[in-house]
Amino acid sequence: MPKTARAVPIDERVEQCIARLYRSVVSVPPDRFRLWALESLKTVIPFDSAIWGSGKWEERRFHALTLSNLPEHFAQVLEASADENPLIAKLIQSEPDTPTTMESVFPDATFYESNLYRKTFGPHGVERLMSTMHVDRRSGLYSLVSLYRSDRNNPFSAAEQAMQRRLTYHLFNALSHAFFIHLARTHRDRPPGAAAAVIDQHGGYHDVQPRFLDAMEAHWPGHTPNQLPFRVPEPGETRLLDGLCIRAEAMGELIIVHCWPMGPLDRLTAREREIVLAVAHGLSFKQAARKIGVAPSTVANHLYRIYRKLGVNSRTALADLIHAVPEPE
């Protein structure tokens with residue numbers, strides 16, 4: 001007799017979904033990751049449409065948005081209904097990452113007769129809703145994932161709510177990993193131990209690594225939460241602040257800010273760093289000059305100043321100092 005396919009237990013399906021999320025961060029581009037992750041989630045918790053939005057907690061509006069099987073204008077419709085939507089109020093009051101269904105806060109008999117249903121959800125075929133909100137108080141960022149079904153007779157079950165609660169943290173965490181892995185690949189010259197944040201022109205976070213927040217709190221204790229504690233450098237500028245090096249780079253309308261502890265190379269100019277790395281890896285003055293495109297005498301003059309800056313007096317000591325610095329990630 002042919003073998004029948006083994007039914008995969010719910011817990012195992014959830015773990016498989018979590019594993020797929022993290023494995024995918026190196027292969028799925030960040031701008032497609034949310035939609036890909038929602039499709040992966042659908043294999044565990046079936047749904048017909050969904051919305052995944054992120055924004056600033058104090059503003060209660062999305063600055064990043066992904067829609068699955070919904071028209072683009074639905075986000076504006078949803079935001080406009082926030083004040084009359086009891087599900088949003090419940091999510092704000094609940095523990096973070098706790099899935100909540102509409103019927104748990106708005107009985108069916110009332111909901112389906114309400115303006116909220118007639119104007120917001122009904123016209124888009126949304127009959128059942130389950131939403132989860134994740135709030136990061138340190139960064140001031142929040143994310144909302146809402147799953148929708150078009151069959152009124154198929155509400156989200158308690159088991160599905162439990163699965164969503166297990167998955168929520170990993171959805172948001174994997175998305176952040178995907179973005180910063182992409183950032184590391186496209187910014188290979190970032191210094192060792194650097195952490196990064198994506199900010200707007202006012203210094204508010206749009207995405208941020210925990211290590212970046214750790215550095216801000218360690219160097220500027222008591223600073224205003226959810227905001228950079230210093231003036232944003234001009235794109236391309238590197239500044240030294242309280243033992244940290246800060247570099248800013250433009251990313252469309254946003255800014256990427258890198259920070260890292262000051263090391264020996266941070267005291268040097270860009271040309272001096274080129275010379276140090278060439279000489280420390282065994283190139284002669286002529287070889288280093290040819291590689292960099294300057295005269296051998298220029299290499300020698302720079303090297304003399306470099307010795308004085310770094311407090312060394314030989315190529316061997318210079319190499320030991322440079323090789324003690326870990327390679328960039």
Side-chain angles (χ1 to χ4, degrees), residues 180-199 201 203 205 208-221 223 227-252 254-329:
F180 285 110
I181 284 175
H182 172 76
L183 189 65
R185 286 177 166 179
T186 56
H187 295 73
R188 294 185 180 277
D189 61 339
R190 67 179 186 154
V198 180
I199 64 167
Q201 298 293 331
Y205 296 121
V208 59
Q209 290 181 304
R211 286 188 296 124
F212 189 96
L213 295 174
D214 292 341
M216 298 302 101
E217 292 171 1
H219 286 77
W220 291 278
H223 76 277
Q227 195 83 9
L228 280 185
F230 50 81
R231 180 181 64 81
V232 181
E234 292 297 322
E237 178 187 355
T238 300
R239 296 169 57 199
L240 177 62
L241 296 173
D242 195 27
L244 280 183
C245 290
I246 309 293
R247 186 174 71 205
E249 298 172 11
M251 189 182 77
L254 301 175
I255 300 169
I256 302 172
V257 179
H258 303 269
C259 77
W260 66 94
M262 189 183 74
L265 292 182
D266 295 309
R267 302 180 217 166
L268 307 179
T269 66
R271 175 51 54 83
E272 287 172 342
R273 284 196 293 273
E274 282 186 288
I275 291 172
V276 164
L277 292 174
V279 171
H281 285 85
L283 298 184
S284 67
F285 282 5
K286 287 185 178 180
Q287 291 171 326
R290 191 178 306 117
K291 179 179 179 179
I292 298 169
V294 297
S297 59
T298 300
V299 173
N301 291 334
H302 274 299
L303 200 58
Y304 173 73
R305 289 193 293 271
I306 290 166
Y307 282 178
R308 296 187 64 181
K309 280 187 179 181
L310 299 184
V312 297
N313 54 21
S314 70
R315 289 174 58 140
T316 300
L318 179 63
D320 289 343
L321 180 64
I322 301 308
H323 291 154
V325 178
E327 292 294 322
E329 297 175 4

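Since we're looking at a predicted model, the values are computed, not measured. Note that these values count all heavy atoms, side chains included, but never hydrogens, waters or copies made by symmetry. The residues of the chain are indexed from 1 along the displayed sequence.
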- Query: Is there a donor-acceptor pair closer than 3.5 Å between any side-chain N or O of Glu249 and the backbone N or O of Ile256?
  - Reply: no
- Tell me, please, which residues at least two apart from Ser284 pass side chain to side chain donor-acceptor pair (under 3.5 Å). Gln287
- For Leu241, all residues meeting side-chain contact (heavy atoms from CB on, under 4.5 Å), sequence neighbours excluded: Trp220, Phe230, Arg239, Ile246
- If every non-hydrogen atom of Ile292 is compared with every non-hydrogen atom of Ala278, which pair is closest and at what distance? CD1-CB, 4.4 Å
Per-pair distances, 0.1 Å, donor-acceptor, side chain in residues 294-305, under 3.5 Å, sequence neighbours excluded:
unit_1 : atom_1 : unit_2 : atom_2 : d
Asn301 : ND2    : Ser297 : O      : 3.2
His302 : ND1    : Arg305 : NH2    : 3.1

- Starting at CD1 of Ile255, measure out to CZ of Arg247 and round the result to the nearest 0.5 Å. 14.0 Å
- Task: Check side-chain contact (heavy atoms from CB on, under 4.5 Å) between His219 and all other residues, then give those that pass, not counting sequence neighbours.
- Result: Asp242, Leu244
- Item | Gap between atom CD1 of Ile275 and atom CD1 of Ile306 - 0.5 Å precision | 5.5 Å
- With sequence neighbours left out, what residues match Glu237 under side chain to side chain donor-acceptor pair (under 3.5 Å)? none
- Message: Ignoring hydrogens, what is the shortest heavy-atom contact between Ala248 and Glu234? Give both atom names and the distance.
- Response: CB-O, 3.9 Å
- How long is the gap from CD on Gln209 to CG on Asp214, to the nearest 0.5 Å? 10.5 Å
- Message: Is it the case that atom CZ in Arg308 sees more than 12 heavy atoms from other parts of the structure closer than 6.0 Å?
- Response: no
- Message: Going by side chain to side chain donor-acceptor pair (under 3.5 Å), name the residues that satisfy it together with Arg271, two or more places apart in sequence or in a different chain.
- Response: Glu274
- Query: If you look at every heavy atom in Gly203 and Val232, which pair is closest and at what distance?
  - Reply: CA-CG2, 4.4 Å
- Query: What's the shortest heavy-atom distance between Cys259 and Phe212, and which atoms?
  - Reply: SG-CD1, 3.6 Å
- Message: Does any part of the side chain of Val257, heavy atoms only, come nearer than 4.5 Å to the side chain of Tyr205, both counted from C-beta?
- Response: no
